[in-house]
Amino acid sequence: MGLFDGKKGLILGVANDYSIAWAIARYVMSEGAECGFSHLPDRPDDERQRNRRRVAQLTDKEPQAKFLLPLDVTRDEYMAAIAEKSREEFGKLDFVLHSMAFASLNDLKNDTIATSREGFKTAMEISAYSLLHVAHAVQDCMSDSGSILAMTYFGGEKVVPGYNVMGICKAALDAAVKYAAFDLGPRGIRVNAISAGPLRTLAGRGAGVEEMLLFYERVAPLGRNITHEEVGRAGGFLLSPHSAGITGEILHVDAGYNIMGTPGRLLEDLKQNANS
Ligand SMILES: NC(=O)c1ccc[n+]([C@@H]2O[C@H](COP(=O)([O-])OP(=O)(O)OC[C@H]3O[C@@H](n4cnc5c(N)ncnc54)[C@H](O)[C@@H]3O)[C@@H](O)[C@H]2O)c1
């Protein structure tokens, strides 16, 4: 018996096999879940359909993957089509993973106070508002004990230089998780987020993940970075009935980094360097 036998859900936000969404998808499918997937729409002039192909290369090999549809969260019609397809294919959805974010590299490189107006609006729309948009679109086809999960980062709680405008988006996303949890609570639908430590992914690269990996390894209580598999299993937990009493929660999967009030063991190294 798998934890997700008979369960059906949506995985939104796979770009390639490094994506956090793929790590969570692999885990839930290995436990029996059937999933529908999204990919970023391809430009009409891209005959090779690169975005679709990159995700299809993964999902085509998985018998548990039931459909793959385009999704741009800035346009309502895509989520409406995905909700409609979910109803046709699955009847009810037991879980939905929201694992999407975007900010322009220009804005990420600049000081936060230099963020462009348009860049701010786009980053907030794709990275924070989209959770409300997705929750609203799927609510009618979710089962009464369904679970929605978003992906967030510590840069929304404290200042992480380089994370800049995305930190503001994550603060908004964290609040959106809680307000959506309140709205959907009477239906028994839960909304949570995982705050993951740095992982090498497409989005991670844009947000300065390499520096963070070095720092986390030295500062986090566990003295190491997290793995994709660890986020996969924690995501599975929050999407499963095992977390039935939990909603509006931000669960840190970061080797304990967020509990630190000083750079911890890294301070010892700094002291030694100062004395040598
Ligand atoms: N990688 C990390 O270190 C890390 C840490 C904590 C949280 N996160 C969060 O995890 C989530 C997934 O990111 P990832 O690291 O797996 O990178 P990723 O690049 O694999 O995933 C980001 C996804 O967002 C999608 N996306 C961007 N704009 C979109 C739009 N307009 N419409 C629909 N989808 C769109 C992309 O297609 C991509 O699939 C993001 O919310 C990210 O902020 C990442």
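Just so you know, ligand 1 is whichever comes first in the structure, and atom 1 is the first atom listed for that ligand.
- No donor-acceptor contact under 3.5 angstrom links the side chains of Ser104 and Asn106, judged on distance only.
- A salt bridge links Glu210 to Arg200: at least one charged side-chain nitrogen sits closer than 4.0 Å to a carboxylate oxygen.
- Ring centers of Phe4 and Phe95: under 6.0 Å apart, within the cut-off.
- For atom 16 (O) of ligand 1, the candidate residues are Asn225, Ile20, Asp254; the nearest heavy-atom contact is made by Ile20.
- Given atom 27 (C) of ligand 1, the protein heavy atom at minimum distance is Ala101 O, 3.5 Å.
- When only non-hydrogen protein atoms are considered, atom 35 (C) of ligand 1 lies nearest to Leu40 CD1, 3.5 Å.
- Close contacts of ligand 1 with Tyr153, meaning ligand atoms under 4.0 Å from a residue heavy atom, involve 6 (C).
- Ion pairing between a basic and an acidic side chain is recognised when a charged N comes within 4.0 Å of a carboxylate O; Arg187 and Asp144 show such pairing.
- More than 12 heavy atoms of other residues, nucleotides or ligands lie within 6.0 Å of CZ in Phe67, so this atom counts as buried by the packing criterion.
- At the shortest separation from atom 15 (O) of ligand 1 among protein heavy atoms lies Thr201 OG1, 2.5 Å.
- Taken from CG in Leu173 to OH in Tyr153, the straight-line distance is 14.5 Å, to the nearest 0.5 Å.
- Among Val253, Leu202, Leu199, the residue whose heavy atom lies closest to atom 2 (C) of ligand 1 is Leu199.
- Ranking protein heavy atoms by distance to atom 5 (C) of ligand 1, first place goes to Ala196 O, 3.6 Å.
- Judged by distance alone, with hydrogens and angles left aside, the side-chain atoms of Asp107 form a donor-acceptor pair with the main-chain N or O of Ser116 at under 3.5 Å.
- For Thr152, every heavy-atom contact with ligand 1 shorter than 4.0 Å involves the backbone, none the side chain.
- An N or O contact shorter than 3.5 Å links Ser19 to ligand 1 by distance.
- Nearest non-hydrogen protein atom to atom 9 (C) of ligand 1 is Met151 CB, 3.7 Å.
- Under the side-chain hydrogen bond (donor to acceptor under 3.5 Å, both in side chains) test applied with Glu268, the options Lys271, Gln272, Arg265 reduce to a single match, Lys271.
- At a heavy-atom cutoff of 4.0 Å, ligand 1 is contacted by the side chain of Ile126 but not by its backbone.
- Taking distance alone, with nitrogen or oxygen atoms compared against 3.5 Å, Val73 approaches ligand 1 more closely than that limit.
- Counting protein heavy atoms only, atom 31 (N) of ligand 1 is closest to Asp72 OD1, 3.1 Å.
- A heavy-atom separation below 4.0 Å is found between Gly197 and ligand 1.
- A salt bridge links Arg218 to Asp269: one of the charged nitrogens lies within less than 4.0 Å of a carboxylate oxygen.
- For ligand 1, one of its N or O atoms has an N or O atom of Ala203 under 3.5 Å away.
- Of the candidates Ser99, Ser38, Ala23, Ala150, Ser99 brings a heavy atom nearest to atom 23 (C) of ligand 1.
- Below 30°, between 30° and 60°, or above 60°: for Phe215 and Tyr257 the angle between ring planes is above 60°, a perpendicular geometry.
- If you check which protein heavy atom lies closest to atom 33 (C) of ligand 1, you get Leu71 O, 3.2 Å.
- Checked against a 3.5 angstrom limit, the closest N/O atoms of Tyr18 and ligand 1 fall outside it.
- For the atom pair CG of Leu93 and CD of Gln139, the computed distance is 12.5 Å after rounding to the nearest 0.5 Å.
- The residue from Arg75, Lys170, Met100, His98 that puts a heavy atom closest to atom 43 (O) of ligand 1 is Lys170.
- With a heavy-atom cut-off of 4.0 Å, Leu12 does not touch ligand 1 at all.
- For ligand 1, the polar-atom distance check against Gly13 finds a nitrogen or oxygen pair separated by under 3.5 Å.
- Using a 4.5 Å cut-off on side-chain heavy atoms (C-beta onward), Tyr27 and Glu31 make contact.
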